[in-house]
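Atom set for the values below is all heavy atoms of this structure, side chains included, hydrogens, waters and symmetry mates excluded. Position 1 is the first residue of the sequence, and the numbers go up from there.
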Amino acid sequence: MENKAEVIIRALMVPLILYDIPSKLEGNYWSPSTAKPRRMNPSLVSSDSSIIRRDPNTSALITDSWEIAEYLEKTYPEKLIFPNKSKGLIRAFDAAVANSLRAVFKFPIFRTSEILSERKRPKCDEHWAILERVFNTSKEWYDDDEGKWLMGDTFSYADIITAADLFWFKRVLHGNEWEKIANWHDGRWAKLLTNVETECNAV
């Protein structure tokens, strides 16, 4: 429980601002780079606007999403996201997720370009089989331990990484495309996104 001094300090803190690339989407909030720190500590992040330029409370400059995660946990440790000395494991998971998505990256990038520009983009049907294999692999990772999180019953930054990509897909893919992903593996990925947003009080 916070003491009186901690309550006063918390009240005086200035919200951190995340700057996202302007788009045609309502709320202009779509990037997975922005979604990760928002889910870490939404009370510290303003809804104004993919990086923290400066923390007005400490004058620290942070640009990389992984560095933002480390900084927020160290500076505002309200939610532990690297539990049980798991930072190295989660860094490897982050790289594995990025590597698995590389083969299909053109698909969401095309859809992202549509929210940034009026120009028509080619269809991406050929990417669906690859994308499904990516999620099949993710399912195997999550099935290694019982529980709703990658580390079983322990929530971590690894779940935020997964949810940030899911959020990106949900925001930029066409409605029926997102529903296709959401329904894979008995709706597992829609449930995971919801669970992470509930855990993080994200909006």
### Message
Is any side-chain heavy atom of Phe167 closer than 4.5 Å to one of Glu197?
### Response
yes
### Message
Among residues at least two apart in sequence or on other chains, which ones pass side chain to side chain contact (heavy atoms under 4.5 Å, CB included) with Ser156?
### Response
Pro83, Ile90, Met151, Ala158, Asp159
With a cut-off of 3.5 Å and sequence neighbours excluded, list every side-chain donor-acceptor pair involving residues 130-138.
from	atom 1	to	atom 2	distance (Å)
Asn136	OD1	His185	NE2	2.8
Asn136	ND2	Glu132	O	3.4
Thr137	OG1	Arg133	O	3.1
Ser138	OG	Val134	O	3.2

## Note on the structure
When every non-hydrogen atom of Asp186 is compared with those of Lys191, the smallest separation belongs to O-NZ, 3.4 Å
### Message
Starting from Trp128, can I reach Trp189 by hopping between I/L/V/M/F/W/Y residues whose side chains sit under 4.5 Å apart?
### Response
yes
### Side chain to side chain, Phe93 and Thr162, heavy atoms closer than 4.5 Å
yes
### Message
Can you list everything that forms a ring-ring contact (aromatic ring centres under 6.0 Å, His included) with Trp149? Sequence neighbours excluded, please.
### Response
Phe155
### Min side-chain heavy-atom separation Glu73-Leu80 under 4.5 Å
yes
### Task
State the CD-NZ distance between Glu199 and Lys148, to the nearest 0.5 angstrom.
6.5 Å
### Residues Trp168, Leu173; criterion side chain to side chain contact (heavy atoms under 4.5 Å, CB included); working and verdict
CA-CA 8 Å; Trp168 178 34; Leu173 299 186; over 6 Å; no
### Query
Out of curiosity, Leu166 CG to Ile181 CD1, how far, rounded to the nearest 0.5 Å?
7.5 Å
### Query
So do Val172 and Trp178 actually touch side chain to side chain, heavy atoms under 4.5 Å?
no
#### Entry: Residue list, side chain to side chain contact (heavy atoms under 4.5 Å, CB included) with Ala69, at least two apart or on another chain
Met40, Ile81, Phe82, Tyr157
### Task
Spell out, as yes or no, whether a donor-acceptor pair under 3.5 Å connects the side chain of Thr75 to the backbone of Leu72.
no
### Summary
Asn183 meets the side chain to side chain contact (heavy atoms under 4.5 Å, CB included) criterion, sequence neighbours left out, with Glu179
### Message
Can you tell me how far apart CG (Leu150) and CD1 (Ile160) are? Round to the nearest 0.5 Å.
### Response
12.5 Å
#### Entry: Listed partners of Asp143 passing side chain to side chain contact (heavy atoms under 4.5 Å, CB included), at least two apart
Lys139, Arg188
